[in-house]
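To find a chain, count down the sequence lines: A is the first, B the second, and so on, and within it residues start at 1.
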Amino acid sequence: MSEKAEVVTRFAPSPTGYLHIGGARTALFNWLYARGRGGRFQLRIEDTDRARSTPEATQAIYDGLRWLGLDWDGEALSQWSRVDRHREAAEEMVARGGAYRCYASKEEVDAARARAAEEKRPQVFESPWRDADPADAPDLPHVIRLKAPREGETVVEDAVQGTVRWANAQLDDLVLLRSDGAPTYMLAVVVDDHEMGVTHVIRGDDHLTNAARQSLIYAAMGWAPPVFAHIPLIHGPDGAKLSKRHGALGVEAYRDMGYLPEALRNYLARLGWGHGDDEYFTTEQALEWFDLPGVGKAAARFDFAKLADLNGRWIRDSEDGALLAQVEALFAAQQRAPLTPSQRSMMAHAMPGLKQRAKTLIELVESAYYILVDGVPEPDEKAAKLLSPEARDILAKLTLRLQDVTEWRTAELEMVVRAFAEDAQIKLGAAAQPLRAALTGRATSPGVFDVLETLGRDESLRRLSAQAT
RNA sequence: GCACCGUUCGUCUAGCGGUCUAGGACGUCGCCCUUUCACGGCGAAAACACGGGUUCGAGUCCCGUACGGUGUACCA
């Protein structure tokens, strides 16, 4: 029905919460694989669990993907909108002899499984209705079950995991249509993937065994299965499954922590996938390089230190203007007051120095305290220590010299301060550190001479006189 | 229980039978640069889970064991 050559992937989250980091990576891999090959990347919302699905969660998924820069082709598909088609497919399988109506009650099935467990047999339910004559069927609620083969084996050629086999005796006659007529996940996924033209199913390896069951459904429908690629899960820093405390946060939480989308993409791509020794690369390069054989098989731990390092590199290499825009967007997202025109221009002026020292946007904003502060900066503990009586004395003398500076520029200011230190026979640091403390209220900052220039003559002298006494 | 998947420095990984006295990156530690902090430069410590095979030769192939993980639903 479509050109076989085109690659089509999909991301199929269930809208029961935010887009967590594992889901974001799955989406990234699908996006990279398809877009890197000129194919399509689609989004399908698996909202068939009506009780747990919410519109807010759906929106959170959209927002998360957009922030990460993962755009999908066409409209997002609601799986729920396709239930009629799923039902049809189930009936079609019954008609073809690939499925049957099972009248066993939930209790009977549970009892049979409990018995099997006791006898230490595989807990595979064998329905008495599997080969029953349809004429004997009672007029009762029933489910439709797949008539799975009892002999032989099912083989999945997984692009990441390799050849994986299951004895068919391990696979039971799974339910396709529930007694209330609702399709199960197994059925819906297969029907939708096939009809959306999905060629490559890239998903978490928690679905690996599902791939065997789904293969059986493809076979019963007479369809060719897609290429499966089951990627390992992401664990928390402690090796345990991701939990709230350990990074199973929504992607917007990463935004709020000050990470750049391009840095997160870079980090996530590197988690579980590698291209030689490349660590720091652009999305364009990832698009070009990404391939399934490069995906590892083992679960990877989420490491904030490495993310922070990568983020710092992305920040340093960002254009000043772009960074300023990111900061303003973060302020808006966090509902902080926007920058005033003067803060904005000082921030722009100081950006080359600020971005050199920040691993996250949050750190960048913190280090811009001397720009964002209202009035004279309040010295913190370390700065207060630098402002000893002797230091204030030095500052007072230095201020006198600074007042005579005609050209308020970094280079000129540095010359003046250096000359002052020499005349006073003190080390440059003895003048520069108190100067920094008075100007910024901190013991660390971008170069003091740059700070002086950023603040401008009037503001600098105001802060100095406030501390000189 | 049963089935399936996995296991190289603390972490992410390179490695696809000899070039591995196991490479890179983050982190850690030391030194240099330096007005602070970063950046940058140089250097160090740090790993093939264990046991059997196969082979002239195994981190690389096979089988066990251990330890993790996933699945085993009329959830997705």
- For B:rC56, which nucleotide in any strand shown is its Watson-Crick or wobble partner with both distances under 3.5 Å? B:rG18
- Quick one: label A:Thr16 by what it contacts on the DNA or RNA (base, sugar-phosphate, nothing), any heavy atom closer than 4.0 Å. nothing
- Whole-Å distance between B:rC74 P and A:Arg213 CZ? 10 Å
- Gap between atoms NZ and P, on A:Lys106 and B:rC74 respectively (whole Å): 5 Å
- With sugar-phosphate meaning primed atoms plus P, OP1 and OP2, does A:Ser179 contact a base, only sugar-phosphate, or nothing at under 4.0 Å between heavy atoms? base
- Query: Going by modelled atom types, is there a donor-acceptor pair between the base of B:rG71 and the side chain of A:Asp206 at under 3.5 Å?
  - Reply: no
- Query: Rounded to the Å, how far apart are A:Phe302 CZ and B:rG69 P?
  - Reply: 20 Å
- Among the nucleotides B:rA76, B:rC12, B:rC2, whichever has the atom closest to the side chain of A:Leu271 is B:rC12
- Reckon A:Gln161 touches a base, only the sugar-phosphate, or nothing at all at heavy-atom distances under 4.0 Å? sugar-phosphate
- Query: Should A:Lys397 and A:Asp393 count as an ion pair when the cut-off is N to O under 4.0 Å?
  - Reply: yes
- What is the nucleic acid contact for A:Ala211, judged by heavy atoms within less than 4.0 Å: base, sugar-phosphate only, or nothing? nothing
- Task: Report the base-pairing partner of B:rA47 (Watson-Crick or G-U wobble, both distances below 3.5 angstrom), or none.
- Result: none
- Integer angstrom distance from the C1' of B:rC16 to that of B:rG23: 15 Å
- Query: Can you tell me how far C1' of B:rA73 sits from CE of A:Met186, to the nearest Å?
  - Reply: 9 Å
- Message: Using the side-chain heavy atoms of A:Thr184, tell me which of these nucleotides is nearest: B:rA3, B:rC12, B:rC74.
- Response: B:rC74
- Message: Using the P atom as the point on both nucleotides, what is the distance between B:rA3 and B:rA73, in whole Å?
- Response: 16 Å
- B:rC33 - base-pair partner by Watson-Crick or wobble geometry, distances under 3.5 Å: none
- Item | Distance in angstrom units between A:Leu176 CG and B:rA73 P, rounded | 15 Å
- Using a 4.0 Å cut-off on protein heavy atoms (strictly under), produce a 5'-to-3' string for nucleotides 36-47 of chain B with B for base contact, S for backbone-only sugar-phosphate contact, and - for none. BBBSS-------
- Query: How close or far is atom C1' of B:rC12 from atom CZ of A:Arg301, stated in whole angstroms?
  - Reply: 11 Å
- Message: Would you measure the distance from the C1' atom in B:rG10 across to the matching atom in B:rC48 and give it in whole Å?
- Response: 16 Å
- How do A:Ala432 and A:Lys297 order along RNA chain B: which one's closest nucleotide is nearer the 5' end? A:Lys297
- Could you give the distance separating B:rU60 and B:rG41 at their P atoms, to the nearest angstrom? 35 Å
- Task: Write down the distance separating the C1' atoms in B:rC56 and B:rA47, rounded off to the nearest Å.
- Result: 28 Å
- A:Arg101 to A:Trp129, cation-pi by 6.0 Å centre distance and 45° axis angle: no
- Message: Given B:rU7, B:rC12, B:rG69, identify the nucleotide with an atom nearest to the side chain of A:Ala298.
- Response: B:rU7
- Task: Pick the P atom in B:rU54 and in B:rG15, then give their distance to the nearest Å.
- Result: 29 Å
- Sugar-phosphate, base or nothing in reach of A:Phe449, heavy atoms under 4.0 Å: base
- Give a yes/no on whether any side-chain N or O of A:Thr209 is located under 4.0 angstrom from OP1 or OP2 of B:rA3. no
- Query: Mind checking the P distance from B:rU65 to B:rC9? Whole angstroms is fine.
  - Reply: 23 Å
- Task: May I ask which nucleotide in the shown strands pairs with B:rG1, Watson-Crick or G-U wobble, both distances under 3.5 Å?
- Result: B:rU72
- Applied to residues 410-422 of chain A, the salt bridge (charged side-chain N to carboxylate O under 4.0 Å, His left out) test, sequence neighbours excluded, yields A:Glu414-A:Arg418
- Whole-Å distance between B:rC12 P and A:Leu310 CG? 15 Å
- Query: To the nearest Å, how far apart are A:Ile234 CD1 and B:rU13 C1'?
  - Reply: 15 Å
- Checking A:Arg44 against A:Phe11: charged group under 6.0 Å from the ring centre and within 45 degrees of the axis? no
- Message: For A:Tyr370, give me all partners under side chain to side chain donor-acceptor pair (under 3.5 Å), at least two apart in sequence or on another chain.
- Response: none
- Message: Counting only side-chain nitrogens and oxygens, does A:Arg418 get under 4.0 Å of the OP1 or OP2 atom of B:rU35?
- Response: yes
- Salt bridge between A:Lys306 and A:Asp309, side-chain N to carboxylate O under 4.0 Å? no
- State plainly whether the residues A:Arg130 and A:Glu126 are in salt-bridge range, i.e. N to O under 4.0 Å. no
- Query: Which whole number of Å gives the distance between the C1' atom of B:rC33 and that of B:rA49?
  - Reply: 43 Å
- Touch class at under 4.0 angstrom, heavy-atom based, for A:His230 against every strand present: nothing
- Query: To the side chain of A:His235, which of B:rC5, B:rG69, B:rA73 is closest?
  - Reply: B:rG69
- Item | Cation-pi, A:Phe420 ring and A:Arg401 (6.0 angstrom, 45 degrees) | no
- Task: Before accepting this row, confirm whether a basic side-chain N of the pair A:Lys355/A:Asp320 lies closer than 4.0 Å to the acidic partner's carboxylate O.
- Result: yes
- Task: Flag the pair A:Glu108 and A:Lys106 as a salt bridge only when some basic side-chain nitrogen lies within less than 4.0 angstrom of an acidic carboxylate oxygen.
- Result: no
- Query: Which part of the nucleic acid, if any, lies within reach of A:Val143 when heavy atoms closer than 4.0 Å are counted: base, sugar-phosphate only, or nothing?
  - Reply: base
- Select from A:Arg165 and A:Val175 the residue whose nearest nucleotide in RNA chain B is closer to the 5' end of that strand. A:Arg165
- Within the structure shown, what part of the strands sits under 4.0 Å from A:Asp180 by heavy-atom distance: base, sugar-phosphate, or nothing? nothing
